[in-house]
There are 2 protein chains.
Amino acid sequence: MTEEVTRALTAAERACRTKGLALTPVRRRVLQLLLESPAPVKAYDLLASLKPDGGAQPPTVYRALDFLTRAGLAHRIEALNAYTACVHVGGRGSAELYICEACGLVEERHRHRAPEDGPDGFHINRSVVEHYGRCSACATAQASA
Amino acid sequence: MTEEVTRALTAAERACRTKGLALTPVRRRVLQLLLESPAPVKAYDLLASLKPDGGAQPPTVYRALDFLTRAGLAHRIEALNAYTACVHVGGRGSAELYICEACGLVEERHRHRAPEDGPDGFHINRSVVEHYGRCSACATAQASA
DNA sequence: CTCCGGTATGTTATAATATTTCATCGGGTG
DNA sequence: CACCCGATGAAATATTATAACATACCGGAG
Ligand SMILES: [Zn+2]
Ligand SMILES: [Zn+2]
Ligand SMILES: [Zn+2]
Ligand SMILES: [Zn+2]
């Protein structure tokens, strides 16, 4: 486990403690798997990774993911049915994700300003914003090819 | 079939003809079902609606939806696994959807400006933007309750 | 006309994603 | 201890989506 992952897990534990949330072993393990992956992870891949530990079932993984996303420790990528650890824990507002279709890299920005309301007085509770394309490394590689 | 739906179907036919695309009976029928629904429709609901016509199978529906979304006649709502007819056919750029969680109403804006690029030279090909909340009618109803 | 290539559809089966339901465990609280 | 409650275990099932192969149809080339 890299130093970076360890630090993120420690930060997550602190964040949970201050909010009165329980970062239990399964939840922590799932978060670790998300942190260790260079690209978004699918629920059933997490499930497979957990199998060696003990015969985990789908609900185990989905419950952990539900907890992590509610706690702001992870994000669900809607158009991929996949999940990624939040790299801006504590950031306010919903995240905008930039997902490289070539290498899977996910970059992330949390919006600071509240989203302005939509047309006709539509009141926004929650936004899903996902941008698909090429990260700078992959864009460069592609251009030179 | 309401006047409005008829008009939208005619417009879709014209749009397809000018682009050399074939709005075949299944595709047209699926688009009609999307146009007639006041709320987003799930693929298997479309499938059920098609059954009476003849025993349609999942691939039939998914292929039609794929065609319609590519042709810009419909949108897939990623976070709902559902589909809705495009109300701005011919609008440039990707759509931003405003989805009422109370009544299912979908409002839609097409972005005029190209999306600015993301962090670190990330190059955006395609964006998914979905806002969830309350339409003005439902927001008012809620407030007075 | 006949053949051929491409697009669209039909058909069967299966893969991938997600939830429901009920049982159990374990830690706090009175 | 008796109770509650949040978390987990376990089995079954629901929902969403695709793979793979066969068939039909329509255009143009020969
Ligand atoms: Zn984040
Ligand atoms: Zn990349
Ligand atoms: Zn549209
Ligand atoms: Zn509404």
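Values below: all heavy atoms of this structure, side chains included; hydrogens, waters and symmetry mates excluded. Numbered from 1 within each chain, the chains take letters A, B, ... in sequence-line order.
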Between atom [atom1] in [X] and atom [atom2] in [N], what is the gap in whole Å?
{"X": "A/L80", "N": "D/dA17", "atom1": "CG", "atom2": "C1'", "value": "15 Å"}
{"X": "A/L47", "N": "C/dT19", "atom1": "CG", "atom2": "P", "value": "14 Å"}
{"X": "A/I77", "N": "C/dT17", "atom1": "CD1", "atom2": "P", "value": "13 Å"}
{"X": "B/L65", "N": "C/dT9", "atom1": "CG", "atom2": "P", "value": "12 Å"}
{"X": "A/L23", "N": "D/dG6", "atom1": "CG", "atom2": "C1'", "value": "15 Å"}
{"X": "B/E78", "N": "C/dA18", "atom1": "CD", "atom2": "P", "value": "12 Å"}
{"X": "B/L68", "N": "C/dA8", "atom1": "CG", "atom2": "C1'", "value": "14 Å"}
{"X": "A/K51", "N": "D/dG9", "atom1": "NZ", "atom2": "P", "value": "12 Å"}

**Request:** Would you check, one step at a time, whether the test side-chain contact (heavy atoms from CB on, under 4.5 Å) holds for A/E130 with A/E78?
**Result:** CA-CA 8 Å; A/E130 299 171 5; A/E78 297 290 350; 3.4 Å; yes
**Prompt:** Choosing from C/dT19, D/dA17, D/dA19, which nucleotide comes nearest the side chain of B/A43?
**Reply:**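 Output: D/dA17.
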Measuring to OP1 and OP2 of [N], would you say a side-chain N or O of [X] lies under 4.0 angstrom away?
{"X": "B/R76", "N": "D/dA17", "result": "yes"}
{"X": "A/R63", "N": "D/dA7", "result": "no"}
{"X": "B/T24", "N": "C/dA8", "result": "no"}
{"X": "B/N81", "N": "C/dT17", "result": "no"}
{"X": "A/Y62", "N": "D/dA14", "result": "no"}
{"X": "A/K42", "N": "C/dT17", "result": "yes"}

**Prompt:** Should the pair A/E107-A/R109 be classified as a salt bridge under the 4.0 Å nitrogen-to-oxygen rule?
**Reply:**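 Looking at A/E107 and A/R109, the cut-off is not met.
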**Message:** Go nucleotide by nucleotide along DNA chain D from the 5' end; which of A/F67 and A/P58 gets its closest nucleotide reached first?
**Reply:**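 With A/F67 and A/P58 compared, the 5'-side residue is A/F67.
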**Message:** Quick check for you: to the nearest 0.5 Å, what is the distance between B/R29 atom CZ and B/L34 atom CG?
**Reply:**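 So the gap between those two atoms works out to 10.5 Å.
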**Request:** Take B/V26 and B/Q57, find for each the nucleotide of DNA chain C with the closest heavy atom, and name the residue whose nucleotide sits nearer the 5' end.
**Result:**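 Final value for this comparison: B/V26.
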**Asked** Is any side-chain heavy atom of B/P119 less than 4.5 Å from a side-chain heavy atom of A/Y98?
**Response**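 Yes - at least one pair of side-chain heavy atoms lies under 4.5 Å apart.
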**pi-stack flag for A/Y44 and C/dT17, centroid dist under 5.5 Å, interplanar under 30°** =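 Stack criterion met.
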**Request:** Decide if the gap between the ring center of A/H75 and the ring center of A/H110 is smaller than 6.0 angstrom.
**Result:**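 A/H75 vs A/H110: aromatic centres under 6.0 Å.
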